Amino acid sequence: MIDARVKFRHLQTFVEVARQKSVMKAAGLLHVSQPAVTKTIRELEEVLGVAVFERDGRGIRITRYGEAFLRHAGAALTAIRQGLDSVSQERAGEGPPVRVGALPTVSTRIMPRAMTHFLNEETGSRIKIVTGENAVLLEQLRIGDLDLVVGRLAAPEQMTGFSFEHLYSEQVVFVVRKGHPLLSAKRSMFDDLGTYPVLMPTRASIIRPFVERFLIANGIASLPNQIETVSDSFGRAFVRASDAIWIISAGVVAGDIEDGMLVALPIDTSETRGPVGLTMRANAIPSMPLAILMQTIREAAAEVSGKPMEAAGPQ
């Protein structure tokens, strides 16, 4: 039986503090005072009989009890939102909204194809597609702000409470502009890699560990001219205008290579291959429009994986 002392405000406040990792930020977004947020969290902890947050330096972090409760609190808020949305949609004659997080690797060649097929189904649903770092998208998925995340499989510790459907695998590539000096180099690419600026995935990105292991295995412990970025628009513009080398998932630059705007260096990066697919909350039942979108994503993935974009070949 549900404890009558747990109110909607307890769930909403708890989830927002967990997402922001800050009482002050949560208070601002909820338009209440910080003492009110603190009081609400303490009330929730009294009902649960455990602490859901603890001090971490000047900030706070969620406890293991809080992590356990977050999975269900997020699902509860999602169910309430869906219930409210369903009434509004029924009154307006619309389908339920579909909210998708798309990692950069699928944003350029998978999602546009999938959306074209999806719109042909005329579901009447409103679509929201956001992109960003995997950790951010997974957190939004966990608390119910997203229904689906499309991209690389996250690390095992990040997948608690989620299910994953494998669609295809892809690897990392090293790309440069046309006419880059390395394209005509006579010796090992790795000997001169540190000579040029290198765009690297950020430490929070899924592919960063793959890239670091690959570089170390090939004798490169550090890169002196390293720029971390998750912006594909910056990476694309900077590489085309300079001698920089961009280490990035193949799917992000597949179109640029096909169009001849960028060139993959002839480096065998097959050991960086990893699964790409659909991540959902475990045991979640997709709405009909979401199920249709998932099928169109599967079809789009099958189209592109049938002609995968790889590096030019082994060095």
Side-chain angles (χ1 to χ4, degrees), residues 100-120 127-134 137 148-153 166-180 182-183 189 196-202 205-208 210-211 214 227-270 272-278 293-313:
V100 179
L103 290 172
T105 190
V106 299
S107 295
T108 55
R109 62 174 184 167
I110 300 294
M111 292 308 297
R113 293 171 188 245
M115 283 307 306
T116 298
H117 297 320
F118 178 78
L119 292 175
N120 289 337
I127 308 296
K128 175 183 177 181
I129 298 177
V130 298
T131 189
E133 288 191 339
N134 184 65
L137 297 183
L148 175 72
V149 171
V150 189
R152 271 227 187 191
L153 173 63
H166 180 226
L167 298 180
Y168 65 97
S169 295
E170 75 169 7
Q171 64 202 57
V172 168
V173 290
F174 290 57
V175 294
V176 294
R177 64 169 175 81
K178 291 190 299 183
H180 192 283
L182 280 180
L183 294 172
M189 297 284 175
Y196 304 97
V198 177
L199 301 187
M200 285 276 287
T202 63
S205 67
I206 296 177
I207 64 172
R208 178 61 178 253
F210 292 87
V211 172
F214 179 77
I227 302 171
E228 294 188 6
T229 182
V230 293
S231 171
D232 55 323
S233 56
F234 166 74
R236 189 169 285 111
F238 186 64
V239 169
R240 288 173 59 178
S242 69
D243 284 340
I245 301 165
W246 191 9
I247 306 176
I248 190 67
S249 292
V252 176
V253 291
D256 301 277
I257 292 178
E258 290 171 3
D259 295 341
M261 303 307 297
L262 297 176
V263 181
L265 291 175
I267 297 174
D268 181 4
T269 58
S270 56
T272 66
R273 289 180 71 84
V276 177
L278 310 175
L293 178 59
M294 290 170 67
Q295 182 57 33
T296 66
I297 293 172
R298 294 185 189 104
E299 293 169 357
E303 291 174 13
V304 301
S305 61
K307 46 179 180 179
M309 195 288 296
E310 307 288 1

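Computed from a predicted model, the values in this text were never measured in an experiment.
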Distance col, row I247:CD1 vs T229:OG1, nearest 0.5 angstrom, shows 13.0 Å

Between [X] and [Y], what is the shortest heavy-atom contact and its length?
X    : Y    : result
T272 : F210 : O-CD2, 3.8 Å
A300 : I110 : CB-O, 3.6 Å
L182 : M189 : O-CE, 3.3 Å
V150 : V106 : O-CG2, 3.4 Å
R152 : Q171 : NH2-CA, 3.8 Å
Y168 : T105 : OH-O, 4.4 Å

What I'd like to find out is whether the side chain of L103 reaches to under 4.5 Å of the side chain of N134, using heavy atoms alone. yes

In the structure I gave you, are the side-chain heavy atoms of F174 and V198 within less than 4.5 Å of one another anywhere? no

When you measure from the side chain of [X] to the backbone N and O of [Y], does any donor-acceptor pair fall under 3.5 Å?
X    : Y    : value
R298 : L167 : no
H166 : G277 : no
D268 : S270 : yes
T108 : V253 : no

Sorted by chain and number, sequence neighbours left out, side-chain contact (heavy atoms from CB on, under 4.5 Å) with L119 holds for M115

Please list, chain by chain and in numerical order, all residues satisfying side chain to side chain donor-acceptor pair (under 3.5 Å) with S231, sequence neighbours excluded. S233

Qualifying residues under side chain to side chain donor-acceptor pair (under 3.5 Å), relative to T202, sequence neighbours excluded: E133

Apply side chain to side chain contact (heavy atoms under 4.5 Å, CB included) to the pair M111 and V100, showing each step before the final yes or no. CA-CA 10 Å; M111 292 308 297; V100 179; 4.2 Å; yes

Please walk me through it: do W246 and D256 pass side chain to side chain contact (heavy atoms under 4.5 Å, CB included)? CA-CA 12 Å; W246 191 9; D256 301 277; 5.6 Å; no

Set out, in order, the CA-CA distance, both residues' side-chain angles and the distance that settles side chain to side chain contact (heavy atoms under 4.5 Å, CB included) for H180 and I245, then state yes or no. CA-CA 9 Å; H180 192 283; I245 301 165; 4.3 Å; yes

Show, in sequence, the C-alpha distance, side-chain angles and deciding distance for F238 and I227, and conclude whether the side chain to side chain contact (heavy atoms under 4.5 Å, CB included) test is met. CA-CA 11 Å; F238 186 64; I227 302 171; 4.0 Å; yes

Between R109 and E258, does at least one N-O distance fall below 4.0 Å, as a salt bridge requires? no

